[in-house]
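Inspection log for the structure reproduced underneath, given as structure tokens.
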Amino acid sequence: MSLRPSDTIKKGYTRAPHRSLLRATGAIEDDADFEKPFIGVCNSYIDIIPGHVHLQEFGSRVKSAIREVGGVPFEFNTIGVDDGIAMGHLGMRFSLPSRELIADAVETVARAHCLDALICISNCDKIVPGMLMGALRCNIPAIFVSGGPMKAGKLEDGTKIDLISVFEGVGQFKNGELGQKGLDDLERFACPTCGSCAGMFTANSMNCIMEVLGLALPGNGSILAVDPKRAELLESAARRIVEMVHEDLKPLDIFTVAALDDAFALDMAMGGSTNTILHLLAAAAEAGVSYDLDRINSISARIPYICKVSPATANVHMEDVDEAGGVSAILSVLDRGGLLNSDRKTVTGRLLHDVLKDASVARPDVIRTLDEPFRKTGGLSVLFGNLAPDGCVVKTGAVQEDMLRFTGKARIFESQDEAVEGIMSGTIEEGSVLVIRYEGPKGGPGMPEMLQPTSALAGMRLDDKVAMITDGRFSGGTRGLSIGHCSPEAASGGPIAAVQEGDLISIDISASRIDVHLTDAEIESRLSELPPFEPRIRGGFLERYSHLVTSASSGAVLRVPGQHVATSVLSD
């Protein structure tokens, strides 16, 4: 039998002190346990995130199942940030940076203690990609299992709602369309259970993507948190991780360029969050994969939008996707149309094609055929132009057809707070292009999500009348012509910093273009006259982050000059 990483801390007479400490944990029941694989149970249980409050119980269940099939489990925790609770104040600036802390925590615990494998219990926005990045760095057998989505909420009249309904309700309350009782009802009923928020927002987008990447078992993305099938999935994942140790099946055997292509294909088919682009690029960086943003548009051009979920529609949530057959059903439609690279490995031990062969669509109203899609092209697009030479992203699946081409005058806001104040003041004119800048990875710092301004626009019935552009991010719950990740960002001297009040901006999603009506010389002249960027926050983690973070176009990962990725480079 080949050596395992854990043999480093448990074999030989020089490791007697190590074994003594391991016995003190209580995890070693007898000497035979030193011959078994050491499995890290990476949990993200935390009381203040509804998607994670139930994960302590999940961890216990996973550990018991690992023990039953011949592994020795060691549970450890990561931090977590709830984007909804952190939204609209300083806390949101910690959200994206928390991804790096989580990745560092996974790498640190796994490598410091020579773990043989990882089972990652994740759920919400930055926890999934953070754990993925850490697992790719370690490259030991790993399997992901999420906490599952929450049920959609219901008002007394049966109307289905979710968290985005509440955010938009604030705008409706502000413009007098909704009374205090209506807002109170939204608040009380929108989030009825534990789990990740009920729509196709970032958390659920990432949990679905883990299935198509081949790093999670079928059902990971759609089985509800409170469904007994979720517990069965946990136990299956626990049993499988021990088998993967014996097979030596590692993340870099699975996370390939072909898998990334399929991940974006699913994203297009479901109209997933724009944040998935940011997170998959970050994961690619950890794996040593070079992935061109133009490749995403070529995928979008050939993948139809066949599953429309909230916020793109009000009546379909993750529970409906699960009833329709889940991610496997969506992938089966794509695979039978020859649109996937399904001849590749997954954590199941089978090729993706074999995993999908028995999948079928149970609700054609939720998952459509390739012949009758909601839209012939995918739900995400990357735009380029003189306003975003390195690209920007838009959730086209949540943009109305008559907004796919748009030209308007710029309204400039130097921060999200300024933008929210401007929107709530009622001074935004139809046909405007709101430009929110200095909110990128470096400038924010932390590239905060912009759910507050987009929800305010939607609540005030302006989301189909104005466009919004930012070097920050938008929530997966955003709808309307909201374009984020504008790169290079303003703080790095990107063209978005040169735009002035009243400049004309043209957006053409079908042509993948976004341009300000200025010449290159005019842009350069304006940029040369700007004062040097001054960081907004001094001291602590965020200042360090702002100095080390790269552009959104490369995933907003942390790198010191000349730093290499920790793993070998992958190729096609």
Side-chain angles (χ1 to χ4, degrees), residues 81 83-84 86-100 125-126 129 167 201-202 273-279 281-282 380 382-383 387-388 390-395 398 410-423 433-458 463 466-499 505 507 514 533-537 542 545-546 549-557:
V81 171
D83 281 18
M87 194 72 65
H89 55 88
L90 176 65
M92 178 46 68
R93 303 189 187 280
F94 287 91
S95 175
L96 182 60
S98 75
R99 186 190 70 184
E100 311 307 307
D125 297 27
K126 309 308 168 298
F167 272 100
F201 315 142
T202 304
S273 165
T274 54
N275 287 314
T276 56
I277 295 178
L278 191 73
H279 298 321
L281 290 175
L380 295 176
V382 180
L383 312 181
L387 188 55
D390 294 341
C392 55
V393 297
V394 60
K395 188 171 185 173
R411 284 289 311 273
I412 306 298
F413 300 99
E414 307 295 352
S415 69
Q416 177 181 189
D417 292 342
E418 278 189 21
V420 172
E421 184 179 342
I423 293 166
V433 178
L434 281 61
V435 177
I436 309 174
R437 60 193 180 193
Y438 294 98
E439 295 287 13
K442 178 180 179 179
M447 206 180 182
E449 285 188 355
M450 306 281 181
L451 182 56
Q452 230 182 352
T454 58
S455 296
L457 283 175
D463 57 303
V466 302
M468 188 179 295
I469 301 168
T470 182
D471 50 9
R473 296 182 298 128
F474 290 115
S475 162
T478 295
R479 59 187 172 95
L481 185 50
S482 302
I483 301 168
H485 309 195
C486 193
S487 301
E489 62 175 296
S492 295
I496 191 172
V499 183
I505 295 174
I507 301 157
I514 181 166
F533 170 71
E534 290 291 333
R536 286 176 172 158
I537 294 178
L542 288 183
Y545 178 89
S546 66
V549 70
T550 64
S551 171
S553 61
S554 57
V557 294

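In this text, all values refer to a predicted model and were calculated from it rather than measured experimentally. We're numbering straight along the sequence, starting at 1.
Legend: residues meeting salt bridge (Lys or Arg N to Asp or Glu O under 4.0 Å) with Asp83, ordered by chain and number and at least two apart, are Lys126. Residues forming a salt bridge (Lys or Arg N to Asp or Glu O under 4.0 Å) with Glu489 (at least two apart in sequence, or on another chain): none.
Under the side chain to side chain contact (heavy atoms under 4.5 Å, CB included) rule, Arg473 has a single partner from Glu439, Met450, His485, which is His485.
In this structure a side-chain-to-backbone donor-acceptor pair under 3.5 Å is missing from Ser95 to Met92. Looking at Thr274, its side chain never comes within 3.5 Å of a backbone N or O of Lys395 through a donor-acceptor pair. A side-chain donor-acceptor contact under 3.5 Å links Asp471 to the backbone of Ala490. At distances below 3.5 Å, not a single donor-acceptor pair connects side-chain atoms of Ser492 with backbone N or O atoms of Gly494. With Arg99 contributing its side chain and Ala556 its backbone, the two residues share a donor-acceptor pair below 3.5 Å. Without hydrogens or angle criteria, Ser482 side chain to Met468 main chain gives no donor-acceptor distance under 3.5 Å.
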Open item on the list: Is there a side chain to side chain contact (heavy atoms under 4.5 Å, CB included) between Leu380 and Val393? Walk through the geometry before answering.
Closed with: CA-CA 7 Å; Leu380 295 176; Val393 297; over 6 Å; no
Open item on the list: Determine whether Val394 and Leu481 satisfy the following criterion, side chain to side chain contact (heavy atoms under 4.5 Å, CB included), listing intermediate values before the conclusion.
Closed with: CA-CA 7 Å; Val394 60; Leu481 185 50; 4.3 Å; yes
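Considering only heavy atoms from C-beta on, Leu96 comes within 4.5 Å of Tyr545 through its side chain. Between Glu449 and Thr202, the closest side-chain pair of non-hydrogen atoms falls below 4.5 Å. Counting heavy atoms from C-beta outward, Pro488 and Pro495 have side chains that approach closer than 4.5 Å.
Taken to the nearest 0.5 Å, the CG atom of Asn275 stands 7.5 Å off from the CE atom of Met447. Atom CD1 of Ile436 and atom CD of Glu414 lie 11.0 Å apart (nearest 0.5 Å). Note that OG of Ser546 and CD1 of Ile537 are 8.5 Å apart. Values are rounded to the nearest 0.5 Å. Note that CG of Leu542 and CZ of Arg536 are 12.0 Å apart. Values are rounded to the nearest 0.5 Å. Expressed to the nearest 0.5 Å, how far OG1 of Thr454 lies from CZ of Phe167 amounts to 9.0 Å. Remark: Ile469 CD1 to Ile514 CD1 distance equals 3.5 Å, nearest 0.5 Å.
The heavy-atom pair separating Arg93 from Pro448 by the smallest distance is NH1-CG, 3.5 Å. Heavy-atom minimum distance, Cys392 versus Ala388: SG-CB, 3.9 Å. Considering every non-hydrogen atom in both Thr276 and Ser273, the closest pair reads OG1-O, 2.6 Å. Scanning both residues, Val420 and Pro453, for their nearest heavy atoms gives CG2-CD, 3.8 Å. Residues Ser553 and Leu281 share a closest heavy-atom pair of O-CD1, 3.6 Å. Nearest approach of Arg437 to Ala497, heavy atoms of both residues: NH1-O, 3.3 Å.
Dense packing is recorded around CD of Glu418, with more than 12 heavy atoms of other residues, nucleotides or ligands lying under 6.0 Å away.
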